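One structure is given below, encoded as structure tokens.
Note that the coordinates shown come from a computational prediction; the quantities given were computed from them, not determined experimentally. The sequence lines fix the lettering, A, B, ..., with proteins before strands; numbering per chain opens at 1.
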Amino acid sequence: MRWRDALGLALRAVSRRFGRASLTLLAVALATALLTALVVIAATAKTRVIGQLTKGGPLASIRVQGNNLDQDSLHLIQKLPSVKAVAPVVVARELAAAPVPATYRPGTRITTTSEDFFESVVGIDTSQPDRFPVSVLAGRLPRESSLTEVAVTQSYLEQVGLSRDDPIPVLGTELELAAPRFLADSFNQGVWGRWTRATIVGVVAQEAAEGDIVAPTALVQAAQRFTEGGSTLGGRFDDPPFAAFLVEATDLSQVGPLADRLESLGYSTSAPENLIATVERYLHVVEIVLSAIGLIALLISALGISNALLAAIRERRREIGVLKAIGARDSDVLRVFLIEAGLLGFVGGVLGAAAGWVIARTVAAVVNAYLTRQGLFGVKLVAQPAILLGAVAGATVLALLAGALPAARASRLPAREAMGAA
Amino acid sequence: MMEPMDTRARPGHLGEVDIPGDPRGVEIHAADLRHAYAAPEGRLDVLTGVDLDVHPGGYCALQGPSGAGKTTLLALIGGLEPLQAGTLRIGGVDLAGVGGDALAAYRRSTVGFVFQDFGLLETLTARENVELAATLDRAPPAERRRRADELLAAVGLSERSRHRPAQLSGGERQRVAMARALMNRPRLLLADEPTGNLDEASAVGVIELLEELQRRWGFTLVLVTHNQALAVRAAQRLSLKAGKVVEG
């Protein structure tokens, strides 16, 4: 019997028992959908997270710190090989005064009455937020050119008596900052304050440098220039021009050598290689667990196929016998039943892969909505033909394996079945 | 003796086994055929020494009570059962030496079966059922369709070729089964109570058609029947009793 004819017979057999076939198809499709969705999500998580890390970005940056970070250092580091970009972080210690009386919206619960306090104001290039480990939790980052906008951290919210989990009330309120300038050799002999008023436009989580207020670089540098104009007091307000550099390597493999090079130049560095390895390990574990769940589902559906075919063979002993009586070889019968199993697997696989892709997109949309609410970058699901094709191929192969035993059993049925029991 | 070749029946050829002599019907020679089945209560001897000879192109009616071994004998002659003991020669070839795919080729090319309950595939149309024998023989689609149409015309069912078995009467189904049995131009046609599920009028019609086809194409015909009125129409009548043949 030709393959085409065997396919025709198998198609007729499947369509004739449409009820049972559709249930089996549904089982295969559901299992394939589950596996596809889980693998797509796991693979996307891995490629996106590791991709972000390996492409650079704040988590893959080498943090360079020290008291000798100035313009010369900046230029020197920028010219080193394997350096993709250097993002400087500036910090100024300033006196912070929250509004008194507080101007938060009516009904906002304040646990303590805040007093003025010294705080580090962290200056970053807010036009390139991707280069810094800063996540916006509410509102937005200050505009790059603004000298009157700042963002604060959740610790700041606690400082002024607000709940760290409710950042909204602080948005739009004002904050007064005073950059100090010492007039003489002693702290007690006089301090000038350069008072500026800034509007809080956002609440952030940040690891660029220690400090609960984040501002554009220009705002912090203006405070630094004012402070530098006075006397120094043993370095307390003698802030270096830069608190840190976030150095991006051209790729992840260059992070280690570049960190070594910076160390050899006398800079203190910290690199995230261990973090990446740890993240990779965790993602791999997640991938294994999700794939295992999907494979178990697919295995159950394979048992369903096997069971359906065994039932079909029990029903069709006479038909198989007739086929053999009119000349079918064992291999012809084997072929027809294997094709039936393969059809169930293939069609179920196609339906399942499509459904899995839709599920993955839905999950991605929900996750994106959550991430966006948290001020984090969303995850873009990448179409991965290999996964979808693999799901279809996997379901088909598994169905063929599941159908092998029933098909072999059918092929071994004696031709005598055509004439009924002896 | 078993070289790969076109297994479709042609004069002087039994599947993959060359048969000498008359190109139309085949001779059947059985000697001391014995056959038993394993049953829960022990060994069940069905044939206890059958001797049988049917000449090429002959018409033999086989009778006997239920359980006498008629169907088993037919299954052995048709290559549905492996031989256990005795000699069975079809067209001079000992079937004991034929097995596996060669035996399938023998069933496909030399033998045509007509069953009591028709044995049609419910999912296929009448024409597709008739084509099936040629499909298994890997005949080209156009050729097998032409041949199926000819056979359906020969059994008077041209107008019903697109109907499925469930849409046909019992007599029509049996005629489709006969057309299928003749699809590969068999030299031996085995009919196992072909009228058992038919009313009297349909039964006579089917037997007359069978006889007409046998006269026209010259195949050897072995008919198993309980119906004495039909059995007497055969040139050779045999009865099976307790696993042995007695002249009818």
Side-chain angles (χ1 to χ4, degrees), chain A residues 1-22 308-309 311-340 343-344 408 410-422, chain B residues 7 15 35-39 44 46 67 69 71-72 74-76 78-82 100-113 115-125 128-129 131-141 144 164 177 180-181 183-184 186 190 192-193:
Chain A
M1 187 188 291
R2 295 170 201 271
W3 280 101
R4 188 180 55 189
D5 297 320
L7 175 65
L9 275 181
L11 274 171
R12 296 294 183 90
V14 169
S15 60
R16 175 184 165 192
R17 295 162 183 85
F18 186 72
R20 179 185 294 160
S22 57
L309 282 178
I313 289 162
R314 275 194 298 276
E315 281 177 13
R316 291 157 65 186
R317 291 178 74 91
R318 181 75 210 286
E319 179 184 319
I320 294 164
V322 168
L323 277 174
K324 287 199 155 185
I326 62 175
R329 304 163 189 82
D330 289 359
S331 57
D332 293 328
V333 177
L334 182 81
R335 190 175 293 178
V336 170
F337 278 86
L338 273 183
I339 289 176
E340 275 188 42
L343 273 175
L344 291 173
S411 73
R412 287 197 299 268
L413 277 178
R416 179 75 164 78
E417 291 288 339
M419 305 185 99
Chain B
T7 56
H35 206 82
Y37 293 108
L44 182 65
V46 180
T71 299
T72 298
L74 217 58
L76 288 173
L80 302 183
E81 286 272 9
D101 282 356
L103 197 58
Y106 162 68
R107 292 193 296 263
R108 195 164 56 241
S109 308
T110 302
V111 186
F113 279 99
F115 303 105
Q116 180 178 352
D117 60 356
F118 324 124
L120 299 177
L121 270 62
E122 297 295 323
T123 53
L124 304 182
T125 64
E128 288 165 342
N129 264 292
E131 279 187 46
L132 193 56
T135 300
L136 291 169
D137 208 19
R138 298 177 184 169
R144 67 191 192 217
R164 292 182 194 281
R180 182 183 65 190
M183 184 67 183
N184 287 337
L190 304 174
D192 185 18
E193 302 200 39

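The shortest non-hydrogen separation linking B:Arg107 to A:Ala325 is CB-O, 3.5 Å. Contact detail for B:Ala104 and A:Ala328: the closest heavy-atom pair is CB-O, 3.9 Å.
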Under 3.5 Å, side-chain donor or acceptor atoms of residues 1-14 of chain A against the rest of the protein: list the pairs with distances, not counting sequence neighbours.
residue: A:Arg2; atom: NH2; partner: B:Arg138; partner atom: O; Å: 2.5
residue: A:Asp5; atom: OD1; partner: B:Arg144; partner atom: NH2; Å: 2.8
residue: A:Asp5; atom: OD2; partner: B:Arg144; partner atom: NH1; Å: 3.2
residue: A:Arg12; atom: NH1; partner: B:Thr123; partner atom: O; Å: 3.0
residue: A:Arg12; atom: NH1; partner: B:Glu128; partner atom: OE1; Å: 2.7
residue: A:Arg12; atom: NH2; partner: B:Glu128; partner atom: OE1; Å: 3.3
residue: A:Arg12; atom: NH2; partner: B:Glu128; partner atom: OE2; Å: 2.5

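The shortest distance between side-chain heavy atoms of A:Val322 and B:Leu120 does not fall below 4.5 Å. Counting heavy atoms from C-beta outward, A:Arg329 and B:Arg108 have side chains that approach closer than 4.5 Å.
Only the side chain of B:Pro141 comes within less than 4.5 Å of a heavy atom in chain A; its backbone stays farther off. With a 4.5 Å cut-off on non-hydrogen atoms, B:Leu124 touches chain A through its backbone and its side chain both.
By the 6.0 Å and 45° rule, A:Arg416 does not stack over the aromatic ring of B:Tyr37.
Of the listed residues B:Leu44, B:Leu132, B:Asp192, B:Val111, the one with more heavy-atom pairs under 4.5 angstrom with chain A than any other is B:Leu132.
Between the CG atom in B:Leu136 and the CD1 atom in A:Ile326 there is a gap of 5.0 Å [rounded to 0.5 Å].
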